[in-house]
Protein chains: 2
Amino acid sequence: MEFANVSERQAMSPELAVSTVIFALRDELRDGEPTGRRTLWLPLIRRTREPFRGQWALPGGPLGVRQTLQDAAAGNLRATTGLAPSHLEQLYAFGGLDRSPAHRVVSIVYWALVREEHPDAPQLVKDPHVAWFPARDEAVIDALAFDHAEIVRYALWRLQNKVEYSSIAHRFLGPRFTLAQVQDVYEAVLDRRLDAANFRRHLRGASGIEATDEYLHGGKHRPPRLYRYAGDAAVVPQETTNTEEQRDRS
Amino acid sequence: MEFANVSERQAMSPELAVSTVIFALRDELRDGEPTGRRTLWLPLIRRTREPFRGQWALPGGPLGVRQTLQDAAAGNLRATTGLAPSHLEQLYAFGGLDRSPAHRVVSIVYWALVREEHPDAPQLVKDPHVAWFPARDEAVIDALAFDHAEIVRYALWRLQNKVEYSSIAHRFLGPRFTLAQVQDVYEAVLDRRLDAANFRRHLRGASGIEATDEYLHGGKHRPPRLYRYAGDAAVVPQETTNTEEQRDRS
DNA sequence: TGAATAGTGTCTTTCAGACATTATTCC
DNA sequence: GGAATAATGTCTGAAAGACACTATTCA
């Protein structure tokens, strides 16, 4: 089959794009001041073109012919944050007819975790059209372009589920961490307080976290023991191993 | 941007297709004779064109511009079996570079459950290029076209996971069923025997299954009580509600 | 020594596996 | 009555929530 131009071609098959929901853990702010807690933040991009010009949207773009889905998602992430993902996983393919006015676009969406960085770390992208927002700020999320509010909420829900049965919490952290830091991650993701004793027992049992001989000094009081993750160290799962995401409750 | 022809256009964006893995429960056969147990079967389509001409493949096809992903998946199912899905859910988007020789194709794959039908039921599609196979027959699955073996195995794994924490087992069955029938579904999907007493207690607790006043007569011995599913009756989840699949263990 | 955080022990409830037991139907 | 399947009861151990308690560091 041959087609005279792109319009005819477009009549046959929808556009294909890849977008990425990126989460990081940062200090929670109230009235501009840190509360002492941590929360989930995500980077958004301000649209400079119609449709939804001026509104915030998820990073994304068309998929190249010689580009895997994962590569495209990691590319979104690098372009937006300058960082590499410590976790990257397919979320869902969104294919509703009216996600975008005029065009029909199918978006394959990934979600990613990145390690916390100081907001003024040198490798972070400095771009007036990129900004970080609290992932649970309803005013921000509801105002997103396209169906991105729905996508962000779904990604948040997936992250919550995954943290409960899988050990990905450490991917927000560095190679050495205290159990209190892991608990901070859980509390930020699940958005509720956990009992330290039970949480500690839970971690000892079911996850690939093991104690080291080191302790974190420099705090104000008793230094906590440092732990490390002892599972497979693969930062980015392979395209061919979709041994991921499966336990969403319906 | 304008393009002179489809080749140029294709250089910009991969093809987009939708395929569907369809499961039904049927009598298990050994040497052509029923064993008394049930197992999972799936319908496959024999390819009549290159590539992989003559090999079996999952039903699928290109996505139309005004067609939702779910509609395309349900269309696969109807064309292959003549049946409507009692469950339909997105599985994964497969986007490896070399899934298909020469072309770059991204496939968004769904998985579906259909109620058991007698293999010679009138509404079933009669097509020499369609045949049903046991879903765990490694010789069949390994010989599938493209990366469909990987896809089928992933779908099976998802179905197993889902049946353990969700109540979809009844979607293999009619509106009224006995607990033994539900147990048969679980045993076929999980591929192991379950203790009837514990299984019964499990069902009473966590799922939307409730007893009716009816009993199934006509058996050889004590007639079992009939149950029904009391949850939401939606046969096909909405495109916009992805409250699905999330608990895969990684 | 006291404040603050790190870390342990124990009681209780819930739930799942193992398995013995009773119930009802048809032949 | 006996065979077969349906359905219930009970014992046990694993895991999670609640919460009291001990340990170690710094100021």
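Just so it is clear: chains get the letters A, B, ... in the order the sequence lines come, proteins before strands, and each one is counted from 1. Keep in mind that the numbers below use all heavy atoms, side chains included, and drop hydrogens, waters and symmetry copies.
The side-chain hydrogen bond (donor to acceptor under 3.5 Å, both in side chains) test applied to A:D27 returns A:R38, not counting sequence neighbours.
Between the side chain of A:R222 and the base of D:dA23, at least one donor-acceptor pair of N or O atoms lies under 3.5 Å. A donor-acceptor contact under 3.5 angstrom links the side-chain atoms of B:R201 to the base of C:dG17.
The NE2-P distance, from A:H202 to D:dG17, rounds to 9 Å in whole Å. A straight line from CD of A:Q183 to P of D:dA16 spans 15 Å, rounded to a whole angstrom. The interatomic distance linking B:H217 (NE2) with C:dT24 (C1') rounds to 11 Å, in whole Å. In this structure, B:F199 atom CZ and D:dT8 atom P are separated by 14 Å, rounded to whole Å. Here the C1' atom of nucleotide D:dA23 and the CZ atom of A:R225 are 13 Å apart, to the nearest Å. The distance from atom CG of A:N198 to atom P of C:dT14 is 16 Å, rounded to the nearest whole Å. A:Y215 places its OH atom 15 Å from the C1' atom of C:dT5, with the value rounded to the nearest Å. If you take CZ of A:R193 and P of C:dT5, they are 11 Å apart, rounded to a whole angstrom.
When distances are taken from the side chain of A:R200 to each of C:dT25, D:dT8, C:dG7, the shortest belongs to C:dG7. Of all nucleotides listed (D:dC19, C:dG7, D:dA7), C:dG7 comes nearest to the side chain of A:P224. Between C:dC26, C:dC19, D:dA20, one nucleotide has an atom nearer to the side chain of B:H221 than all others, and that is C:dC26.
Between A:P223 and A:R192, the residue anchored closer to the 5' end of DNA chain D is A:R192, taking for each the nucleotide with the nearest heavy atom.
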Name each donor-acceptor pair under 3.5 Å that joins a side chain in residues 219-227 of chain A to protein atoms two or more places apart or in another chain, with its distance.
| residue | atom | partner | partner atom | Å |
| --- | --- | --- | --- | --- |
| A:R225 | NH1 | A:T212 | O | 2.7 |
| A:R225 | NH2 | A:Y215 | OH | 2.9 |
| A:Y227 | OH | A:R204 | NH2 | 3.1 |

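In terms of phosphate contacts, B:R204 brings a side-chain nitrogen or oxygen within less than 4.0 Å of OP1 or OP2 of D:dT8.
Counting heavy atoms from C-beta outward, B:T81 and B:W132 have side chains that approach closer than 4.5 Å. Residues A:I141 and A:F133 form no side-chain contact, since every pair of their non-hydrogen atoms from C-beta on lies 4.5 Å or further apart.
Between B:Y229 and B:H170, the angle of the ring planes stays under 30°, which puts this pair in the parallel group of the 30/60° scheme.
Across all strands shown, B:A196 has no heavy atoms under 4.0 Å from either base or sugar-phosphate atoms.
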